[in-house]
Every structure is written in C-alpha cells, then in structure tokens.
Amino acid sequence: MSVVLLTKNDCPQCNQLKMFLKFGLNSKYDADIKIVNKEADAEEFEKLASKHNVLTLPTFIAGDDVLSKTQPTPVVAFLEKHIGKK
C-alpha cells in the first residue's frame, strides 16, 4: 500500500513535516511516500483532495485513511500502520 502526502508551496507546516520525515525519521519512508504538490500536479491534487475532503495541508492519505495531524507521534503511528517500518 502506498501513502500519499498532499502538500503545496509556501506552506510552513508542509516544510516542517518534510524536515521531520528527512531528519527526524532519517528519510526511511521516502520510497514509500508519494508526494503530490498542489502547484506541480494540480489535477491529481484536486482529485485526491476532493475525494477525501481534505481541507488542511499537509495531509497523508492511505486508502481511505486520512491524517491531517502532522505532529510527530500521529505521523509515526500512521506511517507504521500503513507502511510497517519501525
């Protein structure tokens, strides 16, 4: 199962989350997360945001499971649940 991360440019929370994924988690999930940027891939972004009623960014999507809380604890729990690495 792949995990999608919806982001956009000029989004402090998105940048903070990306830094956490890179440095806090040593990029171990990079290959498992597909980043969909609003400006870079507007069509895919809108399709996913609409389907899952995404109102805030950044947001993780895995199947029908959506996570908009981007604090480290819920992010790690979400990634471990859907990707399985510890």
Side-chain angles (χ1 to χ4, degrees):
M1 171 187 295
S2 75
V3 171
V4 175
L5 174 59
L6 298 182
T7 70
K8 67 177 184 175
N9 297 338
D10 300 321
C11 165
Q13 292 86 354
C14 300
N15 293 333
Q16 189 176 2
L17 176 60
K18 289 177 192 169
M19 295 296 276
F20 173 68
L21 292 171
K22 182 174 183 177
F23 298 108
L25 298 176
N26 297 315
S27 301
K28 72 177 169 181
Y29 294 106
D30 283 8
D32 304 294
I33 298 172
K34 176 185 176 188
I35 295 178
V36 178
N37 181 286
K38 184 174 184 176
E39 288 83 4
D41 193 353
E43 190 176 319
E44 178 78 1
F45 180 94
E46 292 302 330
K47 187 174 88 174
L48 288 165
S50 172
K51 177 180 177 186
H52 296 283
N53 298 314
V54 173
L55 301 174
T56 61
L57 295 176
T59 295
F60 281 108
I61 301 170
D64 290 327
D65 203 355
V66 177
L67 177 74
S68 295
K69 293 186 178 100
T70 55
Q71 295 82 7
T73 302
V75 166
V76 170
F78 186 88
L79 294 174
E80 286 180 356
K81 175 181 175 185
H82 292 287
I83 298 172
K85 295 178 187 174
K86 294 205 182 241

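Residues Thr7 and Leu57 are not in side-chain contact: their nearest non-hydrogen atoms beyond the backbone lie 4.5 Å or more apart. Proximity of Leu79 to Val3: side-chain heavy atoms (C-beta onward) are separated by under 4.5 Å at one or more points.
Applying the ring-ring contact (aromatic ring centres under 6.0 Å, His included) test to residues at least two apart or on different chains, none of the pairs has a partner in residues 7-26. The salt bridge (Lys or Arg N to Asp or Glu O under 4.0 Å) pairs that include a residue from residues 15-25 number zero, where partners must be two or more places apart or lie in different chains. Residue pairs meeting the disulfide (SG to SG under 2.5 Å) criterion with at least one member in residues 13-70, sequence neighbours excluded, are Cys11-Cys14. Applying the ring-ring contact (aromatic ring centres under 6.0 Å, His included) definition to pairs two or more places apart or across chains, none involves residues 32-59. Sorted by first then second residue, the salt bridge (Lys or Arg N to Asp or Glu O under 4.0 Å) pairs that include residues 51-77, not counting sequence neighbours, are Asp65-Lys81.
A distance of 11.0 Å separates CD of Glu43 from CG of Leu48, quoted to the nearest 0.5 Å.
There is a path of hydrophobic side-chain contacts, each under 4.5 Å, that joins Leu6 to Val66. With hydrophobic clusters built from ILVMFWY side chains whose heavy atoms lie under 4.5 angstrom apart, Leu17 does not share a cluster with Val4. No chain of hydrophobic side-chain contacts below 4.5 Å, direct or via other Ile, Leu, Val, Met, Phe, Trp or Tyr residues, connects Ile61 to Tyr29. By the rule that hydrophobic residues join a cluster once side-chain heavy atoms approach within less than 4.5 Å of another member, Leu21 and Val36 end up as members of separate clusters. Note on Leu25 and Leu5: same hydrophobic cluster, where clusters join Ile, Leu, Val, Met, Phe, Trp and Tyr whose side-chain heavy atoms are under 4.5 Å apart, directly or indirectly.
Atom CD of Gln16 is surrounded by 12 or fewer heavy atoms from other residues, nucleotides or ligands within 6.0 Å.
For Phe60, the ring-ring contact (aromatic ring centres under 6.0 Å, His included) partners are Phe78, not counting sequence neighbours. Partners of Lys34 by salt bridge (Lys or Arg N to Asp or Glu O under 4.0 Å), not counting sequence neighbours, listed by chain and number: Glu44. With sequence neighbours excluded, the residues that form a side chain to side chain donor-acceptor pair (under 3.5 Å) with Ser68 are Thr59.
Put simply, the side chain of Glu39 gets close to the backbone of Asn9: a donor and an acceptor are under 3.5 Å apart.
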